[in-house]
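So the structure is just underneath, and the comments pick up after that.
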Amino acid sequence: LGLTPIEKRDLPGVAYLRFRFTKPGYAPADLASMPVRVVPPRLVPEAEALPGMVLVPGGRAAFRRVPTVELPEFWLDRYEVTNRQFKEFVDGGGYRRQELWKHPFVGRGRTLSFDEAMALLGDETGRPGPATWELGSYREGLADLPVSGVSWYEAAAYAEFAGKSLPTFQQWYRAADLGIFSEVLQFSNFGGDGPRAVGAEP
């Protein structure tokens with residue numbers, strides 16, 4: 001559109017558009033919005049930007065009867081966790097390292113011990129790993145697809161392993177901005193035949 005400040009540009013009034021803001025020395029910032037709702041994002045110096053993550057602006061997060069909260073800005077991974085990345089967790093002893101599993105396991109009406117819970121979390125051959133894997137690994141050709149067959153507990157333990165944490169419901173809803181999502185779905189990871197490689201879609 002041009003160099004800021006931009007005083008006037010003719011844009012479609014009712015359309016979902018993608019915008020990119022750039023400045024030398026700063027990480028580019030992308031957003032999708034209707035033109036009337038565009039709020040320029042805060043640009044982050046390249047040295048402060050977290051690799052593979054995007055900065056989500058803070059603000060009010062409200063959804064139906066879920067408690068409304070004021071969120072500070074936060075970082076969120078740009079892409080899903082791949083099978084290849086999750087295998088680093090498996091190979092790194094993630095299912096044996098009790099310190100990574102911060103949340104109590106609740107199942108069958110009671111709190112389970114660590115050993116009881118680990119006995120329930122295995123692949124198709126009984127080895128530690130996602131339920132969709134075999135022999136402790138993903139199937140050939142699926143390395144760059146999003147990992148699937150993991151419970152919330154496994155996802156939280158992986159996040160701990162990676163030095164991160166799972167987003168709260170409010171954070172996820174704030175980042176997803178689901179006001180208009182039909183256009184978003186056209187560029188999502190899922191196609192007509194299942195998931196695609198992480199990062200393959202714009």
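Nothing fancy with the numbering, it's 1 onward along the sequence. No experiment lies behind these values; they were computed from the predicted model shown.
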| Arg196 vs Leu145 side-chain heavy atoms within contact, under 4.5 Å | no
| Which residues, ordered by chain and number, are linked to Tyr79 in its hydrophobic cluster, where ILVMFWY side chains connect at heavy-atom gaps below 4.5 Å, directly or through other members? | Val198
| remark: With sequence neighbours left out, the residues meeting salt bridge (charged side-chain N to carboxylate O under 4.0 Å, His left out) with Glu99 are Arg97
| field | Closest non-hydrogen atom pair, Gly136 against Val90 | value | O-CG1, 4.3 Å
| message | Applying side chain to side chain contact (heavy atoms under 4.5 Å, CB included) to Gln171 and Val56, what does each step give before you reach the verdict? | response | CA-CA 9 Å; Gln171 286 175 321; Val56 180; over 6 Å; no
| query | Is Leu166 reachable from Val147 through a run of hydrophobic residues whose side-chain heavy atoms are each under 4.5 Å from the next? | reply | yes
| query | Taking side chain as C-beta onward, heavy atoms only, is Tyr138 less than 4.5 Å from Phe86? | reply | no
| field | Nearest non-hydrogen partners of Ala29 and Leu43, listed with the distance | value | CB-CD2, 3.6 Å
| Taking the inter-plane angle between the rings of Phe89 and Phe161 on a 0 to 90° scale, is it parallel (under 30°), tilted (30 to 60°) or perpendicular (over 60°)? | perpendicular
| Hydrophobic cluster identity match, Val81 and Trp172, side-chain contacts under 4.5 Å | no
| request: Indicate the atoms forming the closest heavy-atom contact of Asn83 with Ser148, along with that distance. | output: OD1-N, 4.4 Å
| task | Using the six-membered ring wherever Trp is involved, compare the ring planes of Phe63 and Tyr173 and label them parallel, tilted or perpendicular (cut-offs 30° and 60°). | result | tilted
| field | Where Leu71 and Ala61 come nearest, the two heavy atoms and their spacing | value | CD1-CB, 3.8 Å
| message | Does anything in residues 4-15 form a side-chain hydrogen bond (donor to acceptor under 3.5 Å, both in side chains)? List the pairs, not counting sequence neighbours. | response | none
| request: Indicate if Met118 and Trp152 have the same hydrophobic cluster label, given that clusters are the connected sets of ILVMFWY residues with side-chain heavy-atom separations under 4.5 angstrom. | output: yes
| query | Should Pro41 and Phe21 count as side-chain neighbours, where that means a heavy-atom distance under 4.5 Å? | reply | yes
| message | Once side-chain contact (heavy atoms from CB on, under 4.5 Å) is applied, do any residues pair with Asp30, and if so which ones, sequence neighbours excluded? | response | Arg20, Arg78
| query | Does anything in residues 43-72 pair up under salt bridge (Lys or Arg N to Asp or Glu O under 4.0 Å), and if so which pairs, sequence neighbours excluded? | reply | none
| message | Quick one, Leu76 and Pro167 - any side-chain contact, counting heavy atoms below 4.5 Å? | response | yes
| Hey, quick one: are Phe74 and Val44 part of the same hydrophobic cluster, counting side-chain heavy atoms closer than 4.5 Å, chains of contacts allowed? | no
| request: Write out all pairs satisfying salt bridge (Lys or Arg N to Asp or Glu O under 4.0 Å) with one or both partners inside residues 116-131, taking only residues at least two apart or from two chains. | output: Arg110-Glu116, Glu124-Arg139
| field | Whether Arg174 side chain and Gly58 backbone form a donor-acceptor pair below 3.5 Å | value | yes
| remark: Residues passing the side-chain contact (heavy atoms from CB on, under 4.5 Å) test with Pro67, sequence neighbours excluded, are none
| message | Quick check for you: to the nearest 0.5 Å, what is the distance between Gln98 atom CD and Ser113 atom OG? | response | 8.5 Å
| said: Could you walk me through whether Val54 and Trp75 satisfy the side chain to side chain contact (heavy atoms under 4.5 Å, CB included) test, starting with their C-alpha distance in whole Å, then the side-chain angles of each, then the deciding distance to 0.1 Å, before giving a yes or no? | reply: CA-CA 6 Å; Val54 295; Trp75 292 91; 5.6 Å; no
| query | Between Leu120, Thr111, Leu112, which is the residue that forms a side chain to side chain contact (heavy atoms under 4.5 Å, CB included) with Phe105? | reply | Leu112
| Looking at residues at least two apart in the chain, or sitting in another chain, which of them share a side-chain contact (heavy atoms from CB on, under 4.5 Å) with Ala27? | Ala49
| request: Provide the closest heavy-atom pair for Pro28 versus Thr22 in the form atom of the first, atom of the second, distance. | output: CB-CG2, 4.1 Å
| query | Who pairs with Lys23 by side-chain hydrogen bond (donor to acceptor under 3.5 Å, both in side chains), at least two apart in sequence or on another chain? | reply | none
| remark: Value for OG1 (Thr125) from CD (Glu134), rounded to nearest 0.5 Å, stands at 6.5 Å
| Nonpolar side-chain network containing Leu3, other nodes, edges under 4.5 Å | none
| field | Side-chain heavy-atom pair Leu135, Ser137 within 4.5 angstrom cut-off | value | no
| task | Quick one: do Leu11 and Leu1 satisfy side chain to side chain contact (heavy atoms under 4.5 Å, CB included)? Show the steps, please. | result | CA-CA 10 Å; Leu11 296 173; Leu1 293 177; 4.0 Å; yes
I'd like a table of donor-acceptor pairs (distance under 3.5 Å, sequence neighbours excluded) in which one partner is a side-chain atom from residues 153-160, with atom names and distances.
from	atom 1	to	atom 2	distance (Å)
Tyr153	OH	Val106	N	3.2
Glu154	OE1	Ser151	N	2.6
Glu154	OE1	Ser151	OG	3.0
Glu154	OE2	Tyr95	OH	2.5

| field | Co-membership, hydrophobic cluster, residues Tyr26 and Phe19, 4.5 Å side-chain | value | yes
| field | side-chain hydrogen bond (donor to acceptor under 3.5 Å, both in side chains) partners for Thr82, two or more places apart | value | Gln85
| Do Arg18 and Leu31 have side-chain heavy atoms sitting under 4.5 Å apart? | no
